[in-house]
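Reading through the C-alpha cells given below for one structure.
This structure is a prediction, so every number in the text was calculated from the model and none was measured. Just follow the structure's listing: the first ligand is 1, and inside any ligand the first atom is 1. These numbers come from the heavy atoms of this one structure, side chains and all, not from hydrogens, waters or symmetry mates.
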Amino acid sequence: MLTSLPLSRRQWLISNGATLAGLALTSRLMNFEAAAQMTPERLAATLPVRARLSLNENPFGPSPAALEAIMRNLSAGKAARYPYGEVNELIALIAKKEGVTPDHIVLSVGSGELLETVGVQFGLQKGDAIYASPGYLQLPRVVEALGGRGIPVPVNAQLEHDLAAMAAKISDRPTVIYIANPNNPTSTVVDPTALATFVKEVSRQTLVFLDEAYLDLADNYAGRTLVGLVHAERNLIVARTFSKIYGLAGMRIGYGVTSPKIAAQLRNYGMGSLTSPSIAAAVASLRDDGYVAATRAKIVAEKEKLLALLRELGRPYAASQTNFVFFQTGREHAKVAAAMLAESVSIARAFPPMTDWARISIGLPEENALARAALRKIFS
Ligand SMILES: Cc1ncc(COP(=O)(O)O)c(C=O)c1O
C-alpha cells in the first residue's frame, strides 16, 4: 500500500531561485545532450548505412501536407521573422485533440526538452527519478547529472513496467516516476486499467511523467491513453512528440498535457520555443485526418514481416506495440551490431542489463528487406 506524504512533498515545483538556476542548467544540458551524440556509440548509430534502423525514426513520414506547409512557410519569408503568436493555432488544435483547454498544454522542442526540464527540477532538488530498466534514460540521466538519484526498477518477465516494484521505491524525497508507455527499448505496454489505478494513487505523492511517445503505434490508442487523467489538478504530465508517428524527428516538436498550474510553471522555464516551419508542420500534420491510421498500418505490416522472420529463426521477442522490435539474439550485442553493420544496417545500442537482446526500428520496405536478409544470414 502506498503511504501518503506531507503536502510539501507532493509539490514537485520549486522556489524561484532554484528555478533560475534550472533555466541556466537547462541550456547547458541541451549542449550536453548534443555532445553526447558524439560518443562512439551515438556515432555508430548515425553512420551512413543503407538502412538506419537505430533511432526509432519514421521514414514513412512526414505527411505530404506537413512538407508542403514547411515549404510554403519558408517561401513566405517566415525564416526571417520571430514566430510570435503563430503557436496559438497549434495549441488550440492540440487542446482540441486532447480534450482539454489550452492552459493544459505546454509546447516543447521535441518531447526531449520537456523530459530534460523536468529532470532539471528534480535534479536541483536532489530528488529521485524512478524508471524502468531497461528504459529510456533522458529524464533520469539529467536528474543524476545534477546530484539526484536515478532509481532503475527491472521490468517484469513480460518486459513490462513492474508498477508495484516502482511504487515500492517511493521515498520521502521529491520524486518523479517516469513511465514510457509503450516502453523503449522493450516495446511493451502496461495494462491500461492497472496503469490508471497506479497513476491515480501514486500522483497523490509524487509527480508521474507518462511518456506516450509511441502510443499512436499501439493497438487501441483511445483505450490506452491516460491523458484524461490530467484533469483534477493531478501531479501528472503526459508527454507527446511529433518525432514518431508524424515522422518529424528533424523538426523537433513535442508537447506536454498537464494541469494548468504545472503547465504555467513549465512555460515560465522558457520551454517550447518552436521554429516557424516546425509550427506550420505540426499544424498541417494534425489537420491531416487519415495520416496516423494510414502510417500506422504501413509500419505494422512491415513489422509483421520482421516478427515472422524472428519466429522462423527461433528468436524470442517482446510483444511490440511500437515501430521497433526488441528481440533476444543470444549473443553479445557488440558482435551482432557489428555483423549487421557489415550488411549496411545499423541497429540500436546495447541496453544493459539485457545485453544479449537487440532493438531494431521499422524503416522503409527496402530498408527492412535489407535488415531481414542480414538477420537471416547472421542467425540461420
Ligand atoms: C520514449 C521516448 N520518449 C521521448 C523521446 C524523445 O524524442 P523527441 O525529443 O524527438 O520527442 C524518445 C526518442 O527516441 C523516446 O524513445
**Request:** Classify the angle between the aromatic ring planes of Y291 and Y246 as parallel (below 30°), tilted (30 to 60°) or perpendicular (above 60°).
**Result:** parallel

**Message:** Can you classify the ring geometry of Y136 versus Y178 as parallel (below 30°), tilted (30 to 60°) or perpendicular (above 60°)?
**Reply:** tilted

What residue and atom, counting heavy atoms only, is the protein's closest point to [atom], and at what distance?
| atom | answer |
| --- | --- |
| atom 7 (O) of ligand 1 | S111 OG, 3.7 Å |
| atom 14 (O) of ligand 1 | K244 NZ, 2.9 Å |
| atom 2 (C) of ligand 1 | D211 OD2, 3.5 Å |
| atom 10 (O) of ligand 1 | S243 OG, 2.6 Å |

**Asked** Which one holds for A213 and ligand 1: side chain close, backbone close, both close, or neither close, with close meaning a heavy atom under 4.0 Å?
**Response** side chain

**Request:** Check each heavy atom of F242 against ligand 1 and say whether those closer than 4.0 Å belong to the side chain, the backbone, both or neither.
**Result:** neither

**Heavy atoms of other groups near R267 CZ, more than 12 under 6.0 Å** = yes

**Item:** Within-shell test, L115 vs ligand 1, heavy atom, strictly < 4.0 Å
**Value:** yes

**Request:** State if E113 counts as touching ligand 1 under the rule of any non-hydrogen atom under 4.0 Å.
**Result:** no

**Prompt:** Of all the atoms in ligand 1, which lie at a distance below 4.0 Å from a heavy atom belonging to G110?
**Reply:** 9 (O), 11 (O)

**Proximal ligand 1 atoms for R252, defined as those under 4.0 Å from one of its heavy atoms** = 8 (P), 9 (O), 10 (O)

**Prompt:** Is there a donor-acceptor contact under 3.5 Å linking the side chains of S108 and S111?
**Reply:** no

**Request:** Classify the side-chain pair E212/N181 by whether it contains a donor and acceptor separated by less than 3.5 Å.
**Result:** no

**Prompt:** Does the ring of F326 carry R359 above it, NZ/CZ under 6.0 angstrom from centre and within 45° of its axis?
**Reply:** no

